[in-house]
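One-based numbering along the sequence shown.
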Amino acid sequence: MLPIDVAAHGSRWRHRHPGEKALLGLGLTVCAVVLPPWPGALLVAGAALAVLLGPAGVAPRQLWRAWRLPLGFCVTGAVPLLFQVGGPGGFLALAPDGPAHAGQLLLRTSAASLGVLLFAFTTPVSDLLPRLVRAGVPAPVVDVALVMYRISFLLLDAVVRIRQAQAARLGATSRAAAWRSAAGLAATAFVRAFDRAARLQNGLAGRGYDGTLRVLVPDAPVDRRFLAASAALLAAVAAGTLVLERLV
C-alpha cells in the first residue's frame with residue numbers, strides 16, 4: 001500500500017464518518033479557492049496544518065512526503081505567470097504583475113492541496129467508495145473504482161518485485177541494460193495487468209457476480225459536535241480573512 005493509505009487506515013479519525021471529514025477537508029479546499037489568496041490562503045493552510053499535525057495525528061515527515069509532490073505541481077504552475085511572451089520587452093520578458101499573480105496562485109493551490117490531504121490522510125478509499133452508492137453515484141462506477149483501486153496495488157507490488165529481480169541480475173549496470181530492463185518491466189507489467197483482469201473476471205463469474213459488488217460498510221454514526229466544530233472553523237477562517245483583508 002502507499003504510505004498515505006497506510007496512514008489513513010491507522011488514523012485517529014479512521015472510524016469517523018467520511019462525510020464529517022469531507023466537510024472539514026474539502027471545506028478548507030473550497031475556502032482556499034473562493035477566499036482571497038491573501039490572507040485567506042494563509043489562514044486555510046495554517047488551519048489545515050494545525051488539524052493535520054494536531055487532532056488528526058499525522059506525522060510531519062509523512063505529511064511532507066505526501067505534500068511535496070502536489071507542491072511541486074503548484075510551483076510548476078506558478079512559474080509561467082512570471083513571464084510574458086512578446087510585447088515591448090522582447091520575445092520573453094518578465095510580466096509586469098507576474099510575481100504577484102504567481103504568488104497568489106501558489107498560495108491558493110498549496111493551501112487547497114493541504115485541505116485535500118487532510119481528507120486523504122484520515123479517510124481510506126475502501127471506507128469512502130461503498131458509501132458513494134448511497135450518495136447517488138451509479139453502482140457500476142463505484143464497482144469499477146473498487147476494482148481499479150485493488151488491482152493498482154497488485155500491479156505496484158508486481159512492479160517492485162520485477163525491479164528487484166532485475167537489479168539482482170545486474171539489469172542496471174549500464175545505460176543500455178537499464179533501457180532493456182525498463183522495456184522488459186513495461187512489457188511484463190502490461191501482460192500481468194491483463195492476466196490479473198482475466199483472473200478477476202473468472203473469480204467474479206464463479207461467485208455469481210450479477211453486476212454489483214456487495215461489501216460490508218462499517219457503521220459510522222455522524223457526530224454532530226464534530227460537524228459543528230468543523231463549521232465553526234470554516235466560519236472562523238472566512239471571517240478572519242475578511243477582517244484581515246480590510247485591515248491590510
Let me have the donor-acceptor pairs involving side chains of residues 101-114, under 3.5 Å, with sequence neighbours excluded, atom names and distances please.
from	atom 1	to	atom 2	distance (Å)
His101	ND1	Asp97	O	3.4
Arg108	NH1	Ala32	O	3.3
Arg108	NH1	Val33	O	2.5
Arg108	NH1	Leu35	O	2.9
Thr109	OG1	Leu105	O	2.7
Thr109	OG1	Leu106	O	3.3
Ser110	OG	Leu106	O	2.6
Ser110	OG	Leu107	O	3.2
Ser113	OG	Trp67	NE1	3.0
Ser113	OG	Thr109	O	3.4
Ser113	OG	Ser110	O	2.6

Could you pull out the closest heavy-atom pair between [X] and [Y], with the gap in Å?
X: Ala120; Y: Ile4; answer: CB-CD1, 3.7 Å
X: Ala59; Y: Leu53; answer: C-CD2, 4.4 Å
X: Thr123; Y: Pro18; answer: CG2-CB, 4.1 Å
X: Pro70; Y: Ala66; answer: CD-O, 3.1 Å
X: Leu52; Y: Ala56; answer: O-CB, 3.6 Å

Is [X] linked to [Y] within one hydrophobic cluster, defined over Ile, Leu, Val, Met, Phe, Trp and Tyr using a side-chain heavy-atom separation of less than 4.5 Å?
X: Leu63; Y: Leu69; result: no
X: Leu81; Y: Trp38; result: no
X: Val116; Y: Phe121; result: no
X: Leu185; Y: Val160; result: no

> For Leu244 and Leu43, what are the C-alpha separation, side-chain angles and deciding distance, and is it a side-chain contact (heavy atoms from CB on, under 4.5 Å)?
Replying inline: CA-CA 10 Å; Leu244 291 176; Leu43 293 179; 4.1 Å; yes

> Can you name the salt bridge (Lys or Arg N to Asp or Glu O under 4.0 Å) partners of Arg12, sequence neighbours left out?
Replying inline: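 Applying salt bridge (Lys or Arg N to Asp or Glu O under 4.0 Å) to Arg12 gives none.
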
>> Arg68: which residues meet the salt bridge (Lys or Arg N to Asp or Glu O under 4.0 Å) condition with it, sequence neighbours left out?
In response: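 Here no residue qualifies.
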
Partners passing side-chain contact (heavy atoms from CB on, under 4.5 Å) against [X] (at least two apart in sequence or in another chain):
X: Ala177; value: Thr173, Ser174, Arg180
X: Arg192; value: Ala158, Ile162, Thr188
X: Val34; value: Val30
X: Arg224; value: none

State, with a plain yes or no, whether a side-chain heavy atom of [X] is found less than 4.5 Å away from one of [Y].
X: Leu117; Y: Val58; result: no
X: Val79; Y: Val75; result: yes
X: Thr29; Y: Phe119; result: no

>> Taking side chain to side chain donor-acceptor pair (under 3.5 Å) as the definition, give me every residue that meets it alongside Arg14, ordered by chain and number, with sequence neighbours left out.
In response: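 With neighbours one apart ignored, the set is His9, Asp127.
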
Rounded distance [0.5 Å steps], [atom1] in [X] versus [atom2] in [Y]:
X: Leu118; Y: Trp13; atom1: CG; atom2: CH2; result: 6.0 Å
X: Gln166; Y: Gln164; atom1: CD; atom2: CD; result: 11.0 Å
X: Thr122; Y: His15; atom1: OG1; atom2: NE2; result: 12.5 Å

Please report, to 0.1 Å, the donor-acceptor pairs under 3.5 Å made by any side chain of residues 226-242, with sequence neighbours excluded.
from	atom 1	to	atom 2	distance (Å)
Ser230	OG	Phe226	O	2.9
Thr241	OG1	Val237	O	2.7

>> Enumerate the salt bridge (Lys or Arg N to Asp or Glu O under 4.0 Å) contacts for residues 17-44, please, sequence neighbours excluded, ordered by first and then second residue.
In response: Arg16-Glu20

>> Just to verify, what does Phe73 make a ring-ring contact (aromatic ring centres under 6.0 Å, His included) with, not counting sequence neighbours?
In response: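 Phe73 satisfies ring-ring contact (aromatic ring centres under 6.0 Å, His included) with no other residue.
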
> Which pairs count as ring-ring contact (aromatic ring centres under 6.0 Å, His included) when at least one residue sits in residues 167-190, sequence neighbours excluded?
Replying inline: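 For residues 167-190: Phe190-Phe194.
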
